[in-house]
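Numbered from 1 within each chain, the chains take letters A, B, ... in sequence-line order.
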2 protein chains.
Amino acid sequence: MASRVAVGGTRSGTTEQLRRANLSRVLELLHQHGPTPRSELTRVVGISRSTMAGIVADLEELGLAAETEPASTTRAGRPSGLVSPADDVVAISVNPEVDAVHIGLVGFGGNVIKHARIETPDTRLPSVVGLAAATIRGMLADDPPRYRVLGIGLAIPGQVRISDGVVRQATHLGWTEEPITDLFAAATGLRAWAANAATLAMRAESQFGAGRGLRDLVYLIGGASGIGGGVILDGRLLTGSGGYAGEFGHTVVRPGGVACHCGGWGCLEAEVDQATLLEAVGLTAAEAGLLADRLTTSEDPAVAALVEEKSALLGIAVRNALNILNPEAVVLSGFLSALHRASARDLTEASVASSRENVEVRDAALGVEQLMIGAAELVFGELLRDPAGFLPAS
Amino acid sequence: MASRVAVGGTRSGTTEQLRRANLSRVLELLHQHGPTPRSELTRVVGISRSTMAGIVADLEELGLAAETEPASTTRAGRPSGLVSPADDVVAISVNPEVDAVHIGLVGFGGNVIKHARIETPDTRLPSVVGLAAATIRGMLADDPPRYRVLGIGLAIPGQVRISDGVVRQATHLGWTEEPITDLFAAATGLRAWAANAATLAMRAESQFGAGRGLRDLVYLIGGASGIGGGVILDGRLLTGSGGYAGEFGHTVVRPGGVACHCGGWGCLEAEVDQATLLEAVGLTAAEAGLLADRLTTSEDPAVAALVEEKSALLGIAVRNALNILNPEAVVLSGFLSALHRASARDLTEASVASSRENVEVRDAALGVEQLMIGAAELVFGELLRDPAGFLPAS
DNA sequence: GCCTTTTGTTCGCGTAGGGAACAAAAGGGC
DNA sequence: GCCCTTTTGTTCCCTACGCGAACAAAAGGC
């Protein structure tokens, strides 16, 4: 109903912002829905045919879209050209883990073109940067160059200050106050952006996964190191005043309960953790992928009781989130998804009736490519915000 | 940094939206900051002097602003005309309570021009509408007419469906599924909008009270009928997918605790209620205004213990809100403010460190006019969204 | 009294988008 | 197979908006 018009740069030219905003709008549609007939773009955006002609021409000139011959038609009337996002424009995704680095090449629409997992025991930052830079060079070593690279998106398991791309703390990797985007930029000559991995996982699910098409979404992800999450409201990522919103891991689910490393007691993260569940079914940390299956098939009554107890606690956190945020869906990922699938409990029960209407609890839909897509979204998001302003600088 | 350009109506004319957006922007500044020199408007909005001249001229022509003689100058240079919001443009506020109806006349900037409290034991809707309509006629009975009335804003103690202004349920007044805005429109010939009273109280505090100037805000209000609240994120009211976000009253603060009418157990609203506090210090419901004073001055150790217990429970709800939303401030109103002032407890304690940084707990700043201002904001909000589009129809 | 500073005003320019008229490309009926 | 209808692309002109330059106006300072 209402569209948003983002201001391009600091540049003046308010009439110019119109074109920038329209370029952004159209490219966003292509990114989200893939190849689309020009006539449909015209309808959806609600501008005149002549204007849309100019916009598509601009996008073609920028090399961001291509108009191909009309697809097979079904109705009468002159067929409309199919506008597709450029297939040679890519973002590079990097996700450092404790024992490996994931590196990917992702195009428009969350299309993962390449995905490599490079094992390494060395998590020191210079080493990781070097390894990643070499891998990236390898991926792009076509002659003539096959891809136009927009930049690098980094999914970091830790706190990241978005404004300048500095890793404040990534405990598992032993990084503190590292200007990681600058390091990657220097090593590769590409622009780089970084954000928290859980946030990016949500972003991926929201755009192309379980949250596709939803405007209001709560995301909860459970991993070895705790519980993270994020919130999308009215189609936009909730950041909070300091950028630290979405800490569902520290929702109180049992006042006076287990002490949490945050200094509180009874936090969701302290009360419901992956290690306890793994132990109950005899799995190691590396086998976390099998958790859902084991929890479901186990015939041990102790396991059933544990699932029941933990999912009740998760239910309290979900309930609070529903009452406060009234989203369309709650998406569970990681071991929380396993817990949810193993339990018969309706996690929305006992929420205020009006907030339960039409709420759905879903499991994450994107598999191992979740983070590659999320990290790439970080880069594509920059492009989509102002397509004409993004490119000339690269 | 980023300005928002709102789409006017369904009307086309994308270049026209620019002017509409700029009119909106400038009028919003006048509404929020009062009379402002034109040169300052030019600086703040960041457009050229010539454009601002046209915008101010448009606003004057619409009768929404007036440019007066230069104020007393202090620096060199040609003095800039002072642009003021029109002082004859008003919204009418209506707030039905169980034993009375509040009716007000409010101008730009939350300026309450008139405020009447009409006692009535009859809460049946037709009776309330009739009473209000008569009072409104009386307030506007100047000849020639003194005010230009934008419309009526209704602050309802109950659930309201914003989209069509239907009261879904107002238990205390005994209303169910009432098309209240239509009824008021028919009775007065004015346009009407309705919303939940707690939401409007927050809106008032956010614009002109304790939350003035803040972009991220959590609001909690405690009244005789329970605990309500709302959230402002990135300067915008959080509505949720169904419009029922902000139900802090049903945050779980003691799992398995007191049964709540919502069907759950241990909700904040069930665990912390006004009646219990009033009883402890020997006040009646009508004397709720004295609560903060009595709680503070009481020397009864039982009262102190009660305050301690209840504020600890409130703290859990606040903590959850902080972790999930990371706001700049939490504003407490009604008896929650009384409880907060009587307690020495830091309500932000035990939140995740990063979410506590720079968070402030404040008490509501607007007094009895809070709801009059909030209800008027409902109407002014419509005007400000698209000044040129709003007026011609009225 | 003149200079500087700041702001309002006027005028012409560039750009974006709308709309009408026409052209093009498909299907459908006879 | 031809003509009509439908839908869309294209071209051209018009309008609205905002910018910027040049000039005018109104204040303070020396």
Write down the distance between [atom1] ([X]) and [atom2] ([N]), rounded to a whole number of angstrom.
{"X": "A:M52", "N": "D:dT11", "atom1": "CE", "atom2": "P", "value": "17 Å"}
{"X": "B:L18", "N": "C:dG18", "atom1": "CG", "atom2": "P", "value": "12 Å"}
{"X": "A:E67", "N": "D:dT8", "atom1": "CD", "atom2": "P", "value": "13 Å"}
{"X": "A:L82", "N": "C:dA26", "atom1": "CG", "atom2": "P", "value": "15 Å"}
{"X": "A:I55", "N": "D:dT10", "atom1": "CD1", "atom2": "C1'", "value": "16 Å"}
{"X": "B:N22", "N": "D:dA16", "atom1": "CG", "atom2": "P", "value": "17 Å"}
{"X": "B:E16", "N": "C:dT15", "atom1": "CD", "atom2": "C1'", "value": "17 Å"}
{"X": "A:I47", "N": "C:dT15", "atom1": "CD1", "atom2": "C1'", "value": "15 Å"}

Q | Residues forming a ring-ring contact (aromatic ring centres under 6.0 Å, His included) with A:F380, sequence neighbours excluded | A |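 For A:F380 the ring-ring contact (aromatic ring centres under 6.0 Å, His included) partners, ignoring immediate neighbours, are A:H31, A:F108.
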
Side chain to side chain contact (heavy atoms under 4.5 Å, CB included) partners of [X], counting only residues at least two apart:
{"X": "A:R43", "result": "A:S39, A:E40"}
{"X": "B:V379", "result": "B:A91, B:L150, B:W193"}
{"X": "A:A65", "result": "A:L30, A:L59, A:V83"}

Any [X] side-chain nitrogen or oxygen under 4.0 Å from OP1 or OP2 of [N]:
{"X": "A:S48", "N": "C:dG18", "value": "yes"}
{"X": "A:T15", "N": "C:dG17", "value": "no"}
{"X": "A:T51", "N": "C:dG18", "value": "yes"}
{"X": "B:R19", "N": "D:dA16", "value": "no"}

Could you list the residues that satisfy side chain to side chain donor-acceptor pair (under 3.5 Å) with [X], not counting sequence neighbours?
{"X": "B:T199", "result": "B:N196"}
{"X": "B:D216", "result": "none"}
{"X": "A:S48", "result": "A:S50, A:T51"}
{"X": "B:D164", "result": "B:R161"}

Atom [atom1] in [X], atom [atom2] in [Y]: separation rounded to 0.5 Å?
{"X": "A:D87", "Y": "A:N111", "atom1": "CG", "atom2": "CG", "value": "9.0 Å"}
{"X": "A:L23", "Y": "A:L64", "atom1": "CG", "atom2": "CG", "value": "8.5 Å"}
{"X": "A:N22", "Y": "A:L41", "atom1": "CG", "atom2": "CG", "value": "11.5 Å"}

Just the table, please: protein N/O against nucleotides 28-30 of chain C N/O, every pair under 3.5 Å.
none

Using a cutoff of under 3.5 Å, can you pull out all pairs of nitrogen or oxygen atoms linking the protein to nucleotides 20-24 of chain C, with atom names and distances?
from   : atom 1 : to    : atom 2 : distance (Å)
C:dA24 : O4'    : A:R78 : NH1    : 3.4

Q.
At a heavy-atom distance below 4.0 Å, what parts of residues 27-45 of chain A sit against DNA chain C?
A.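 Contacts with DNA chain C under 4.0 Å: none.
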
N/O donor to acceptor pairs below 3.5 angstrom from side-chain atoms of residues 205-214 of chain B, sequence neighbours left out:
from   : atom 1 : to     : atom 2 : distance (Å)
B:E205 : OE1    : B:A210 : N      : 3.0
B:E205 : OE1    : B:A365 : N      : 3.0
B:E205 : OE2    : B:A365 : N      : 3.3
B:E205 : OE2    : B:L366 : N      : 3.0
B:E205 : OE2    : B:Q370 : NE2    : 2.9
B:R212 : NH2    : B:Q32  : O      : 2.9

